[in-house]
Amino acid sequence: MSPSDASGAPPPRTRSRRGGRPTLEEAAELDRAVRDAALSLFLEHGYEGTSMDAIARAAGTTKASLYARFKSKEEVFASVLRQAVPDPDWPGTEPAAPDLDDLEGALTAIARTALRRALDPSMVRLSRIAVTHASRFPDLASRAYAAGHFPRKPLLVELLRRHAATGAIQADEPEILAEHFIAMVSGMPARLASFGIERDEATWEHHTRVAVRLFLRGLRPG
């Protein structure tokens, strides 16, 4: 999901087609338009400041058509959150996968990607909204913002398994280790960002290097 302007609603879309039921492709296109429009509006105006009327207008559809797909604004927001958070291309496209043969280099690259994603202004704003309204979406919020929820977690797990297989490290529970690593390199920065606490890039780079070295020491065979 990549709205053209994460800080404002996209221009209304216009589409013309024959009457009757939409095709599967048209329905999917409209669903994407709704989610893109809603995401932009939620980021700009917050949850309370976004209406179903505004979402329908920004998506280039009617309120009746919108309600035919989503029963409420809560459903729209849940769909947006479910789509955006695990998307590796939102809020920014991820770089190419690192060289998995280089353990420290790959860990550092994954850590930088996780940190950049956590500190992206759009992610910070969406996280704040999700936390504010967590009582409305308890299951979704807990899944979406768990420490281990990061698109590159499978890559990190693969990295740990690869090097454990050679005996270079001890990683008996790579899934859990991956969650701890992600939490260490991006969890606290995300928390600080949610309170508006910022640090400069050099400081975060230093924190990342320290975290990677600490993690590697913990993986050394006993």
With a 4.5 Å cut-off on side-chain heavy atoms, are [Y] and [X] touching?
| X | Y | answer |
| --- | --- | --- |
| Phe77 | Thr50 | no |
| Tyr47 | Lys73 | yes |
| Ile110 | Val185 | no |
| Ser194 | Val131 | no |
| Met184 | His207 | no |
| Leu156 | Leu107 | yes |

Check the surroundings of atom CZ in Arg191: do more than 12 heavy atoms from other residues, nucleotides or ligands lie under 6.0 Å from it?
-> no
His133 atom NE2, over 12 foreign heavy atoms within 6.0 Å | yes
Under the side chain to side chain donor-acceptor pair (under 3.5 Å) criterion, do Glu74 and Ser72 qualify, and how do the steps go?
-> CA-CA 5 Å; Glu74 286 85 351; Ser72 63; 3.2 Å; yes
Residues Glu205, Arg112: salt bridge by 4.0 Å N-O rule = yes
Listed partners of Ser51 passing side chain to side chain donor-acceptor pair (under 3.5 Å), at least two apart | none
Could you pull out all residues at least two apart from Arg116 that satisfy side chain to side chain donor-acceptor pair (under 3.5 Å)?
-> none
To the closest 0.5 Å, what do you measure between [atom1] ([X]) and [atom2] ([Y])?
| X | Y | atom1 | atom2 | result |
| --- | --- | --- | --- | --- |
| Thr203 | Glu198 | OG1 | CD | 12.0 Å |
| Ile169 | Leu160 | CD1 | CG | 5.0 Å |
| Trp204 | Arg209 | CH2 | CZ | 14.0 Å |
| Lys71 | Met52 | NZ | CE | 12.0 Å |
| Asp31 | Leu66 | CG | CG | 10.0 Å |
| His206 | Asp200 | NE2 | CG | 11.5 Å |

Looking at every heavy atom in both [X] and [Y], which two are closest together, and how far apart are they?
| X | Y | value |
| --- | --- | --- |
| Ser122 | Leu43 | O-CD2, 3.5 Å |
| Pro151 | Pro154 | O-CD, 3.4 Å |
| Ala33 | Ala59 | O-CB, 3.8 Å |
| Arg161 | Pro174 | NE-CG, 3.5 Å |

Lys153 and Glu175: side chain to side chain contact (heavy atoms under 4.5 Å, CB included), yes or no, with the steps?
-> CA-CA 8 Å; Lys153 180 183 173 183; Glu175 293 274 350; 3.3 Å; yes
Take Arg213 and Leu216, measure what side chain to side chain contact (heavy atoms under 4.5 Å, CB included) needs, and give me the verdict at the end.
-> CA-CA 5 Å; Arg213 289 197 297 267; Leu216 284 171; 5.6 Å; no
Any chain of hydrophobic side-chain contacts (each under 4.5 Å) joining [X] to [Y]?
| X | Y | value |
| --- | --- | --- |
| Val124 | Phe195 | no |
| Val210 | Val212 | no |
| Leu219 | Leu155 | yes |
| Leu119 | Ile182 | no |
| Leu126 | Leu115 | no |

Do any side-chain atoms of residues 95-106 form donor-acceptor pairs under 3.5 angstrom with protein atoms, and if so which ones, sequence neighbours left out?
from, atom 1, to, atom 2, distance (Å)
Asp99, OD1, Asp101, N, 3.0
Asp101, OD1, Arg162, NH1, 3.1
Asp102, OD1, Gly105, N, 3.0

Does any N or O in the side chain of Thr132 come within less than 3.5 Å of the main-chain N or O of Arg128, such that one atom is a donor and the other an acceptor?
-> yes
Contacts of type ring pair (Phe, Tyr, Trp, His ring centres under 6.0 Å), residue Tyr67, not counting sequence neighbours = none
Got a sec, which residues hit ring pair (Phe, Tyr, Trp, His ring centres under 6.0 Å) with Phe215, two or more places apart in sequence or on another chain?
-> Phe181
Between Trp90 and Asp120, does a side chain to side chain contact (heavy atoms under 4.5 Å, CB included) hold up when you go through it step by step?
-> CA-CA 10 Å; Trp90 190 86; Asp120 186 282; over 6 Å; no
Steps toward side chain to side chain contact (heavy atoms under 4.5 Å, CB included) verdict (Arg69, Leu30) = CA-CA 10 Å; Arg69 287 165 169 75; Leu30 179 53; 3.2 Å; yes
Pair listing, ring pair (Phe, Tyr, Trp, His ring centres under 6.0 Å) test, anchored in residues 154-173, at least two apart | none
